[in-house]
Amino acid sequence: QVQLVESGGGLVQAGGSLRLSCVVSGRTFYIYTVGWFRQAPGKEREFVAAISESGERTNLTDSVKGRFTISRDNTKNTMYLQMNALKPEETAIYYCALGPSFRWPVAHRDYTDWGQGTQVTVSS
């Protein structure tokens with residue numbers, strides 16, 4: 001059974017940084033595209049970033065380019081989201097997700113497994 005467990009969320013001031021981690025178990029991690037999504041109160045879940053199985057290809061939503069970095073360590077079955085220069089409007093629950101194997105790019109609907117989420121709160 002696949003499990004995704006996020007950590008690293010918390011409270012940070014505007015302009016600050018956080019690093020989210022997501023450990024994946026129950027799957028051969030290194031063959032899957034993985035991604036990060038977020039959902040703010042009263043809003044729909046939105047895509048943040050994705051990384052290919054090898055880590056060679058990444059995709060970030062325009063609003064976070066230059067501030068966020070997605071990475072992965074296949075030896076640790078772990079993916080990361082480094083978030084810098086955070087803004088109050090980026091307060092949300094952040095979720096990691098497992099996509100299909102050996103496919104790029106990946107449509108949002110093709111992410112099949114999700115973590116429980118980690119809260120990120122950015123104060124102004």
Side-chain angles (χ1 to χ4, degrees):
Q1 181 178 351
V2 62
Q3 278 193 316
L4 294 85
V5 180
E6 302 99 334
S7 62
L11 174 64
V12 64
Q13 289 188 332
S17 298
L18 284 173
R19 188 194 195 202
L20 306 183
S21 299
C22 175
V23 179
V24 180
S25 60
R27 286 287 188 274
T28 309
F29 180 70
Y30 65 85
I31 68 173
Y32 292 94
T33 293
V34 291
W36 289 95
F37 292 73
R38 64 188 177 189
Q39 186 167 18
K43 295 187 176 181
E44 293 187 352
R45 186 167 59 193
E46 65 171 352
F47 169 80
V48 178
I51 187 167
S52 63
E53 71 281 353
S54 64
E56 292 180 348
R57 292 169 289 188
T58 62
N59 182 30
L60 292 94
T61 193
D62 286 346
S63 65
V64 307
K65 287 179 180 177
R67 299 186 298 117
F68 289 16
T69 303
I70 186 171
S71 62
R72 65 191 294 164
D73 185 341
N74 287 344
T75 67
K76 297 181 179 179
N77 284 12
T78 303
M79 55 192 286
Y80 305 96
L81 185 68
Q82 177 67 44
M83 305 185 294
N84 300 327
L86 281 159
K87 304 175 182 179
E89 56 265 35
E90 292 176 317
T91 293
I93 299 175
Y94 283 70
Y95 299 90
C96 60
L98 196 68
S101 58
F102 299 117
R103 188 190 302 176
W104 186 268
V106 173
H108 301 172
R109 64 179 179 273
D110 290 331
Y111 286 87
T112 55
D113 298 281
W114 299 81
Q116 81 289 348
T118 186
Q119 177 70 48
V120 172
T121 302
V122 185
S123 63
S124 57

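Rounding to the nearest 0.5 Å places OH of Y30 at 11.0 Å from OG of S101. From Q119, atom CD reaches atom CD of E6 across 12.0 Å, with rounding to the nearest 0.5 Å. I70 CD1 to Q82 CD: the interatomic distance, rounded to the nearest 0.5 Å, is 12.5 Å. Atoms NZ and OG, from K87 and S124 in turn, are 14.0 Å apart once rounded to the nearest 0.5 Å. Distance check, rounded to the nearest 0.5 Å: CZ of R72 to SG of C22 gives 10.5 Å. Rounding to the nearest 0.5 Å gives a distance of 7.5 Å between CG of L60 and CG of L81.
With T75 as the partner, the side chain to side chain donor-acceptor pair (under 3.5 Å) test is satisfied by one option alone out of D73, T78, N77: D73.
Inter-residue side-chain proximity for P100 and V106 is flagged as met; some heavy-atom pair is nearer than 4.5 Å. At least one side-chain heavy atom of L20 sits under 4.5 Å from a side-chain heavy atom of V120. Looking at heavy atoms from C-beta onward, M83 lies out of side-chain contact with V12 at the 4.5 angstrom threshold. The side-chain heavy atoms of R45 and W114, taken from C-beta on, include a pair separated by under 4.5 Å. Using a 4.5 Å cut-off on side-chain heavy atoms (C-beta onward), Y111 and T33 make contact. When side chains are defined from C-beta on, Y95 does not count as touching L4, because their heavy atoms never get closer than 4.5 Å. Under the 4.5 Å side-chain criterion, counting only non-hydrogen atoms from C-beta, W104 is not in contact with E56. Side-chain contact between E46 and R38: present, with at least one pair of heavy atoms (C-beta onward) separated by less than 4.5 Å.
Of all heavy-atom pairs spanning R67 and L86, the tightest one is NH1-CA, 4.0 Å. Looking at every heavy atom in both residues, L11 comes nearest to S123 through CD1-CB, 4.3 Å.
Counted within 6.0 Å of NZ on K76, heavy atoms from surrounding residues, nucleotides or ligands total 12 or fewer; the atom is thus considered open. Crowding of Q3 atom CD: a count of heavy atoms from other residues, nucleotides or ligands under 6.0 Å not exceeding 12.
Note: F47 and F37 have perpendicular aromatic rings, judged against thresholds of 30 and 60 degrees for the angle between ring planes.
R57 and N59 form no side-chain donor-acceptor contact under 3.5 Å, judged by distance and modelled atom types alone.
Remark: the backbone N or O of A92 is not paired with any side-chain donor or acceptor of Q39 at under 3.5 angstrom.
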